[in-house]
Amino acid sequence: MFQAFVLHRRDYGNTSLLLEVFAAGRGRFPAIAKGARRARHPTSALLQPFQPLWLDAVGRGEVLTLTRVEAAGPAIGLLGRPLLCGFYLNELLVRLLGRDDPHDPLFAFYHAALTGLASGEDLESLLRQFEIRLLDELGYALALDVEAGCDRPVVPAGTYVLVPGQGMLQAQADDRAERISGATLLALAQGDPLAPHQLREARALLRRLLEPHLGGRPLKSRELFRRFAVASAPISGSGSGSEPGAAPCTSRDSTHVGITNRSLES
């Protein structure tokens with residue numbers, strides 16, 4: 001058996017589920033859970049996102065068939081913005097990870113990230129660190145603490161721009177690219193929490209780094225965040241957030257705006 005999480009699920013046939021699974025030692029792969037939609041089926045409640053699992057699967061083709069499903073611990077309870085952040089992490093993994101390519105350090109980091117979301121950690125900093133770790137695992141790592149081409153250390157008081165295909169360079173007066181402070185770059189490189197004034201810079205930078213690898217298709221989780229921000233605005237006093245990590249946290253359950261564990265199903 002192997003440790004795993006369900007990243008995505010949708011109905012398959014009359015009684016089964018088609019799953020995208022992320023597993024230790026195996027990476028991401030599709031699997032069928034036969035009969036899992038039947039009433040009182042023992043696995044139906046377990047095959048949900050954010051539930052640590054022990055799985056067994058068989059098959060010679062691309063899509064495996066689950067033969068055993070057990071809980072590997074209690075479900076990681078996510079509500080409101082943390083739930084949307086969890087959906088965002090899952091969607092990034094589904095969109096960017098190749099199939100059958102193990103990423104065990106990333107699996108452990110993903111599990112820790114879900115636990116952090118549930119425990120009320122700084123959501124913005126956690127998401128940015130996950131995005132950086134994912135890019136690193138995929139071989140798209142970018143040095144954030146040195147300038148591209150010269151290895152000159154980034155300084156907190158400096159101002160920098162991202163040059164596609166090169167990296168971070170010191171901003172010049174005629175640069176039109178969005179600027180980011182050296183202090184923000186160093187906080188990201190060192191895994192430090194982001195100060196409030198650094199959040200927008202960090203979010204914009206990571207979005208630019210991820211965009212080329214997402215194939216031009218918008219992320220469904222970003223649309224969920226926009227809906228949640230609009231619906232929460234009268235309570236939180238701000239609807240300015242436009243993507244994961246952008247809106248202020250509230251205690252309002254995301255199901256009030258129609259967002260559930262099925263919201264990313266296709």
Side-chain angles (χ1 to χ4, degrees), residues 1-78 82-115 117-118 130-131 133-135 137-139 210 213-215 217 219-221 224 244 259-266:
M1 297 185 78
F2 47 88
Q3 288 184 289
F5 283 92
V6 171
L7 298 177
H8 183 270
R9 52 175 270 169
R10 62 184 175 91
D11 295 346
Y12 182 77
N14 293 325
T15 62
S16 301
L17 291 171
L18 181 60
L19 311 171
E20 283 289 341
V21 177
F22 185 34
R26 304 184 68 129
R28 181 176 73 90
F29 65 90
I32 293 174
K34 292 185 176 179
R37 291 170 52 213
R38 292 193 183 115
R40 300 181 183 178
H41 192 282
T43 66
S44 60
L46 290 178
L47 293 172
Q48 300 283 348
F50 321 125
Q51 167 66 61
L53 297 167
W54 287 106
L55 300 179
D56 252 345
V58 297
R60 296 182 179 179
E62 181 181 359
V63 182
L64 303 183
T65 299
L66 297 186
T67 57
R68 190 173 176 183
V69 179
E70 295 179 6
I76 300 172
L78 301 178
L83 174 61
L84 300 187
C85 291
F87 282 150
Y88 175 67
L89 300 188
N90 284 6
E91 191 172 14
L92 285 181
L93 292 175
V94 169
R95 292 278 295 273
L96 296 180
L97 286 185
R99 285 181 168 169
D100 302 314
D101 186 9
H103 290 279
D104 286 1
L106 183 63
F107 181 87
F109 196 76
Y110 169 73
H111 194 171
L114 294 182
T115 302
L117 292 177
F130 185 85
E131 291 163 342
R133 180 65 66 92
L134 177 57
L135 288 167
E137 282 286 320
L138 295 174
L210 287 166
H213 311 296
L214 290 172
R217 290 188 295 127
L219 291 168
K220 293 181 181 180
S221 50
L224 294 183
I259 299 169
T260 70
N261 281 346
R262 286 179 167 246
S263 295
L264 296 184
E265 292 185 22
S266 57

Validation: residues 66-74 side-chain donor-acceptor distances under 3.5 Å, sequence neighbours left out:
from	atom 1	to	atom 2	distance (Å)
T67	OG1	D56	O	3.4
R68	NE	E70	OE2	2.8
R68	NH2	E70	OE2	2.6

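Residues that satisfy the side-chain contact (heavy atoms from CB on, under 4.5 Å) test with D100, not counting sequence neighbours, are F29. With sequence neighbours left out, F130 forms a ring pair (Phe, Tyr, Trp, His ring centres under 6.0 Å) with no residue at all. Residues passing the ring pair (Phe, Tyr, Trp, His ring centres under 6.0 Å) test with H103: none are found, sequence neighbours excluded. Not a single ring pair (Phe, Tyr, Trp, His ring centres under 6.0 Å) links F109 to another residue, sequence neighbours left out. T115 pairs by the side-chain contact (heavy atoms from CB on, under 4.5 Å) definition with I76, H111, not counting sequence neighbours. For R99, the salt bridge (charged side-chain N to carboxylate O under 4.0 Å, His left out) test picks out E20, E62, with sequence neighbours left out. Every residue meeting the side-chain contact (heavy atoms from CB on, under 4.5 Å) condition with A24, not counting sequence neighbours, appears here in chain and number order: Q3, D104, F107. Annotation: side chain to side chain donor-acceptor pair (under 3.5 Å) contacts of S16 (sequence neighbours excluded): none.
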- Message: Determine whether F87 and L78 satisfy the following criterion, side chain to side chain contact (heavy atoms under 4.5 Å, CB included), listing intermediate values before the conclusion.
- Response: CA-CA 10 Å; F87 282 150; L78 301 178; over 6 Å; no
- Verdict with reasoning, L7 to L97, per side chain to side chain contact (heavy atoms under 4.5 Å, CB included): CA-CA 12 Å; L7 298 177; L97 286 185; 5.6 Å; no
- Task: Determine, stepwise, if the pair L18 / V63 fulfils side chain to side chain contact (heavy atoms under 4.5 Å, CB included).
- Result: CA-CA 9 Å; L18 181 60; V63 182; 4.2 Å; yes
- Message: Would L46 and V6 count as a side chain to side chain contact (heavy atoms under 4.5 Å, CB included) here? Give the steps.
- Response: CA-CA 9 Å; L46 290 178; V6 171; over 6 Å; no
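Checking side-chain atoms of R37 against main-chain N and O of G13 turns up a donor-acceptor pair under 3.5 Å. Formation of a donor-acceptor pair under 3.5 Å by the R217 side chain with backbone atoms of R95 is not found in this model. Side-chain atoms of E137 do not come within 3.5 Å of backbone N or O of P105 as any donor-acceptor pair.
Rounding to the nearest 0.5 Å places CG of L92 at 6.5 Å from CG of L214. Between atom CG of residue L53 and atom CE of residue M1 there is a gap of 9.0 Å, rounded to the nearest 0.5 Å. Remark: L114 CG to Q51 CD distance equals 11.5 Å, nearest 0.5 Å. Note that CG of L210 is 5.0 Å distant from CG of L135, once rounded to the nearest 0.5 Å. A distance of 9.0 Å separates CG in L224 from CG in L83, rounded to the nearest 0.5 Å. In this structure, the separation between CG on L17 and NE2 on H8 is 11.0 Å, given to the nearest 0.5 Å.
When all heavy atoms of R28 and F22 are compared, the pair lying nearest together is N-CD1, 4.1 Å. Listed here is the closest heavy atom pair of A118 and G77: CB-O, 3.5 Å. Nearest heavy-atom pair, P102 versus G25, reported as atom, atom and distance to 0.1 Å: CG-O, 3.6 Å. Nearest heavy atom pair, residue A23 against residue F2, reads CB-CD1, 3.5 Å. Between L19 and A33, the closest heavy-atom pair is CD1-CB, 4.2 Å.
Looking at L64 and R26, their side chains come closer than 4.5 Å, going by heavy atoms from C-beta outward. Counting only heavy atoms from C-beta outward, the side chains of L134 and L89 never approach each other to under 4.5 Å.
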